[in-house]
There are 2 protein chains.
Amino acid sequence: MKGLEARFGELLKELRNKKGLTQEELATDCGLDRTYISMLERGLRQPTLTTLFKIAEVLNVSPSSIVKQLE
Amino acid sequence: MKGLEARFGELLKELRNKKGLTQEELATDCGLDRTYISMLERGLRQPTLTTLFKIAEVLNVSPSSIVKQLE
DNA sequence: TTCACATTCAGACTATAGTCGTCAAACAAT
DNA sequence: ATTGTTTGACGACTATAGTCTGAATGTGAA
């Protein structure tokens, strides 16, 4: 079983691509750093709650739906 | 509108009490520190994803249901 | 090829998640 | 009043979330 961070990273990349955003666009819209988004997608970092909420808002999905896909 | 950390803290306290656990019992079952649980409940800290999952498991609720109550 | 854009990687940095030891406040029970 | 239990609060600490700059690598189109 893959780690939680890795699964979150894959999902994030998938959702971002579905919205047609680059990592940099997502980052600036979230008020986050470009390289940090890259690390999230590669499973090298995991978000805090508020970061999850910021990302979900920009991606137009509910934070809970993201979490649900990780369960 | 109250901050996300504060709302998470209140919810955590409510769920913990509903299960009849002390902060210390919850902490050891989660593999976390007692003082950290105290800080979470007081809204002084916010969890990362994996911490959210650990806590949810011990409380017998789904992580997404916790997040959903914060939206 | 070359140009432009997207992503990875690396290092140094700041902010905060999370630990640990301890003590005091609050609240029960006797 | 005292004993035990729970929680709050504190400072100091370690681990990691998150920033910043820049360079290397990839990708695709002209």
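By convention in this document, chain letters (A, B, ...) are assigned in the order of the sequence lines, proteins followed by strands, and residues within each chain are numbered from 1.
- Counting non-hydrogen atoms of neighbouring residues, nucleotides and ligands closer than 6.0 angstrom, the CD atom of A:Glu71 exceeds 12 such neighbours.
- Side-chain contact between A:Ile55 and A:Thr51: present, with at least one pair of heavy atoms (C-beta onward) separated by less than 4.5 Å.
- Residues that satisfy the side chain to side chain donor-acceptor pair (under 3.5 Å) test with B:Thr50, not counting sequence neighbours, are A:Gln46.
- For B:Arg45 and C:dG18, the CZ to P distance is 9 Å, given to the nearest whole Å.
- Rounding to whole angstrom units, CE of residue B:Met39 and C1' of D:dG8 are separated by 11 Å.
- Side-chain contact between B:Arg45 and B:Glu5 is absent, with no heavy atoms from C-beta onward closer than 4.5 Å.
- Residue order along DNA chain D, read from the 5' end via each residue's closest nucleotide, puts B:Glu24 first among B:Glu24 and A:Pro47.
- Atom CZ in B:Arg16 sits roughly 13 Å away from atom C1' in D:dT5 (whole-Å rounding).
- Of the side-chain N and O atoms in B:Gln23, one or more sit less than 4.0 angstrom from OP1 or OP2 of D:dG8.
- Whole-Å rounding puts the B:Asp33 CG to D:dT14 P distance at 15 Å.
- With hydrogens and angles ignored, no donor-acceptor pair under 3.5 angstrom links the side chain of B:Arg34 to the base of C:dG21.
- Taking atom CD on A:Glu25 and atom P on C:dA6, their separation rounds to 7 Å, with Å as the unit.
- Atom CG of B:Asn17 is separated from atom P of D:dT6 by 12 Å (rounded to the nearest Å).
- The nearest heavy atom of DNA chain D to B:Thr48 and to B:Leu21 marks one nucleotide each, and the one closer to the 5' end goes with B:Leu21.
- B:Arg42 has no side-chain polar atom (N or O) that falls below the 4.0 Å cut-off from OP1 or OP2 of D:dC10.
- Proximity of A:Gln46 to the phosphate of D:dA17: a side-chain N or O atom is located under 4.0 Å from OP1 or OP2.
- For the pair A:Leu44 CG and D:dT16 P, the interatomic distance rounds to 13 Å; values are reported in whole Å.
- Checked by distance alone, A:Thr35 brings a side-chain donor or acceptor within 3.5 Å of a matching partner on the base of D:dC20.
- Side-chain atoms of A:Arg34 and A:Ser38 include no donor-acceptor pair closer than 3.5 Å.
- Put simply, OH on B:Tyr36 is 11 Å from C1' on D:dT16, counting in whole angstrom units.
- Close to C:dT8, at under 4.0 Å from its OP1 or OP2, lies a side-chain N or O of A:Ser38.
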